[in-house]
Amino acid sequence: MKLHLLLAALCLFTSLAIPQQPSATPHPRIGLVLEGGGALGIAHIGVIRWLEENHIPVRYLAGTSMGALVGGLYATGNDPAQLQQIVNSIDWDAVLSDQIPYQDLAYRRKQDYRDYPNALELGLQSGLRLPSGFNSGYQVGLILDRYMLPYSDIKNFDQLPIPFRCVAVDLVSRQKYVFDSGPVAQAMRASMSLPAFFSPVSDRQHIYVDGGLLDNLPVDVGRAMGADLVLAVHLQTKPLSPGATLSSFGVMSESVSVVVAANELASMQKADLLVSVDVSDFSSTDYQDVNKLIARGYEAAKEKASILRQFSVDDATWNQYVAERNSRRINVVQQPEFVAVQGATPDATKMIQRDLKKLTGRPLDYTKLNQDLTRIVGTGRFSTLDYSLAQQQGQTGLLISAAQKQSPILINPLIAIDGSEIQNVRFALGARLTKFGTGESESEWRTDLAFGSEYGLSTDYFRPFRSVPGWFIDPGIIANTSPFDVYYRNTQIAAYRMQKVSGYFDAGYMFGRSSELRFGYELGYLTLKQQVGSPVLGNLGDRLGESSVSYHLDLVDDPVVPHEGETIDSHFSWFDTYLGVPSAFPSAEIRGARYQPVSSLGTVFTTFSGGTDFGYTQSGLPSFSLGDPLRLAAYGRNELLTNQYALIQAGYLEQIVKFPAILGKGIYAYGEVEGGRVYNQRNESQWPADGVLGMIVQTAFGPVIAGGSYGTTGHKKFFFQVGRVF
């Protein structure tokens, strides 16, 4: 009797300790289900590592969002060490900001970024059109394409080393969608399309967003695949404090979290086994803590060792499982023999094929392919370029899936505040409108609008020559009016208004993405009218006639706060007529800068500039002006008017705060000394010099600069600028 009671108690204990197993097989087929959660989902790698170390076979994989990324990478045969190496190698700032590196932008896109230094881009199509997401998903797409490329030809996801499913939400049917076939990379990308952050993934019938909205922990999907036992990994986050202060975005985010938490809870109740990873002291954007998150996942699985080890298999069974898994892994990608393009216009298709042709007939170089695709996207004509393998007439080639920007006219907006003179702050709204392919596929029609302290319109038509690559013509029209204030120290002594109406015709040669040589002639009319103050310059009006040659070099890594590189801007003009000038005269100006990194956060910079009219002294408006936050900051606006000058600046800047990638770069502190020579008897300071201390806040919406300066002969000033570093 005692023996029977002992056996009954043992059976009862076993039934309580071991979850219910629908299958009576000695080794149940385990389905691993991974939850979404941004950076927190990287903890899944630690769970996988513990399972592998303890010889627990995973027969099926299902995941949502980041769970889909980790699950997909594991399903294609990468072991935990390789998974950790992959997530450590990813530039998460680039993925989250989705900005094309400045060096990879086309030269005219660099001009756009310098003139409109923010990440905002709108569309104009039957009214103003906002982007479908802050992030197009291009950078994450490159990662997924790289690792999913060998599996381009599989018919369904059961053919992967581990059968795999991922979940998205279809906005058309308003239901969850389970991917079990098609391009693996596209399925994973769709599962990760967080609404309003990542742009949706769409085809002709569906529009997909992040599956976490309806099924963030897809236990039912894992079971439907055929799993006897579903092991779910839950990411335990920090609950919201009752006393928390929330912004409107915070309220929206927490509201979405409530919806996601509800479907997670329902799924957890359906799981046979649950590993709960405590990531409450991390946030969904903590991608810098990859290794800590992996360790947290490993420890969570280890805490469940007494239960999980019951599903360990012996060495022979494990080795057989690994061998079967590896037999379905594809390690070699055939070299591409052709490039095919889908989703682009015929002219755009030819351009892509031309730029990628050099990659054919040789083993695929992923680094070069990613760089070439990035530079094509850097022309500004495409949202994304994805790649996979295709078969044609027995040959393997690259299939490029292009998503051209949908709006026919792109808009770069700008709000600018110029506080270089605190007593007279200027404000302006501006926008640049760009239309590609007017009259010729690679042409651009670009228009600038400005309203506020300065208002006006300028437009140009840039047309390259196909027959002689690099050469172009660029005619344009300018009509604007802007304030021209003259200060003595911090006191305004005169206020003028400069008006200009002109047309020009330029031609030149573009040296790739980095530099441009331009020749041109501008013809128009200028007026300078006094509004208040002393008649320092008088009222002037005259025809403008200017022949010019200019050269611009841009090799910096950022147009607002460079860390390394150099720039040169040079301009030579011959004025046959100008304001108040009785005869023709030449004029030339050059500016250059060098940025040298001294640490990962610190940069030493030196700049030089100089201008001359070669001894000609105009009786009207002098050609050059100094006195602003970046050119002798302690001096008043246009205080130093001259026909010849030289200026040297040297300083140091360092990043002191780093922002999350979606918000921008961060906060920089800088200091510099400036000194020069001004050749003009009107000026009090023939040898002006000063020292400057300030901060630059580089946000996704534009830069903010603020600082103070103290100079020779008692000059001093506080200044700030928003939206553009003038």
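The analysis underlying the following values was restricted to heavy atoms, covering all of them including side chains, and did not include hydrogens, waters or symmetry mates. Just so we're clear, the structure is a prediction, and the values are computed from it rather than from any experiment.
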(message) Looking only at side-chain N and O atoms, does Thr345 offer a donor or acceptor that is under 3.5 Å from a partner on Asp347?
(response) no

(request) Using side-chain contact (heavy atoms from CB on, under 4.5 Å) as the criterion, list what pairs up with Arg362, not counting sequence neighbours. (result) none

(request) State, without any angle test, whether Glu337 and Gln335 hold a side-chain donor-acceptor pair at a distance under 3.5 Å. (result) yes

(request) Kindly indicate whether the side chain of Phe338, heavy atoms from C-beta on, has any atom under 4.5 Å from the side chain of Thr396. (result) no

(message) Checking Tyr177 now: which residues fulfil ring pair (Phe, Tyr, Trp, His ring centres under 6.0 Å) with it, not counting sequence neighbours?
(response) Phe179, His206, Tyr208

(message) Run the ring pair (Phe, Tyr, Trp, His ring centres under 6.0 Å) test against Tyr107 and tell me which residues pass, sequence neighbours left out.
(response) none

(message) For Asp220, run the salt bridge (charged side-chain N to carboxylate O under 4.0 Å, His left out) check against Arg165, Lys270, Lys176 and tell me which one passes.
(response) Lys176

(message) Both conditions, 6.0 Å and 45 degrees, for the charged tip of Arg432 above the ring of Tyr116: are they met here?
(response) no

(message) Do Trp50 and Val275 have side chains that approach each other closer than 4.5 Å (heavy atoms only, starting at C-beta)?
(response) no

(request) Identify the residue among Thr374, Asp386, Asp98 that makes a side chain to side chain donor-acceptor pair (under 3.5 Å) with Tyr138. (result) Thr374

(request) Report yes or no: do Asp104 and Gln371 form a side-chain donor-acceptor pair below 3.5 Å? (result) no

(request) Apply salt bridge (charged side-chain N to carboxylate O under 4.0 Å, His left out) to Lys110 and list each qualifying residue two or more places apart in sequence or on a separate chain. (result) none

(message) Would you say Ser401 and Gln342 are linked by a side-chain donor-acceptor pair, where the criterion is simply a distance under 3.5 Å?
(response) yes

(message) With no hydrogens and no angle check, just 3.5 Å: does a side-chain donor-acceptor pair link Asn331 and Arg329?
(response) yes

(message) Going by side chain to side chain donor-acceptor pair (under 3.5 Å), name the pairs with one or both residues in residues 59-74, residues two or more places apart or in two chains.
(response) Glu52-Tyr74, Ser65-Asp210, Tyr74-Arg325

(message) Show, in sequence, the C-alpha distance, side-chain angles and deciding distance for Asp355 and Arg375, and conclude whether the salt bridge (Lys or Arg N to Asp or Glu O under 4.0 Å) test is met.
(response) CA-CA 10 Å; Asp355 291 347; Arg375 289 176 174 176; over 6 Å; no

(message) According to side chain to side chain donor-acceptor pair (under 3.5 Å), does anything in residues 181-192 pair up with another residue at least two apart or in another chain? List the pairs.
(response) Arg189-Ser193

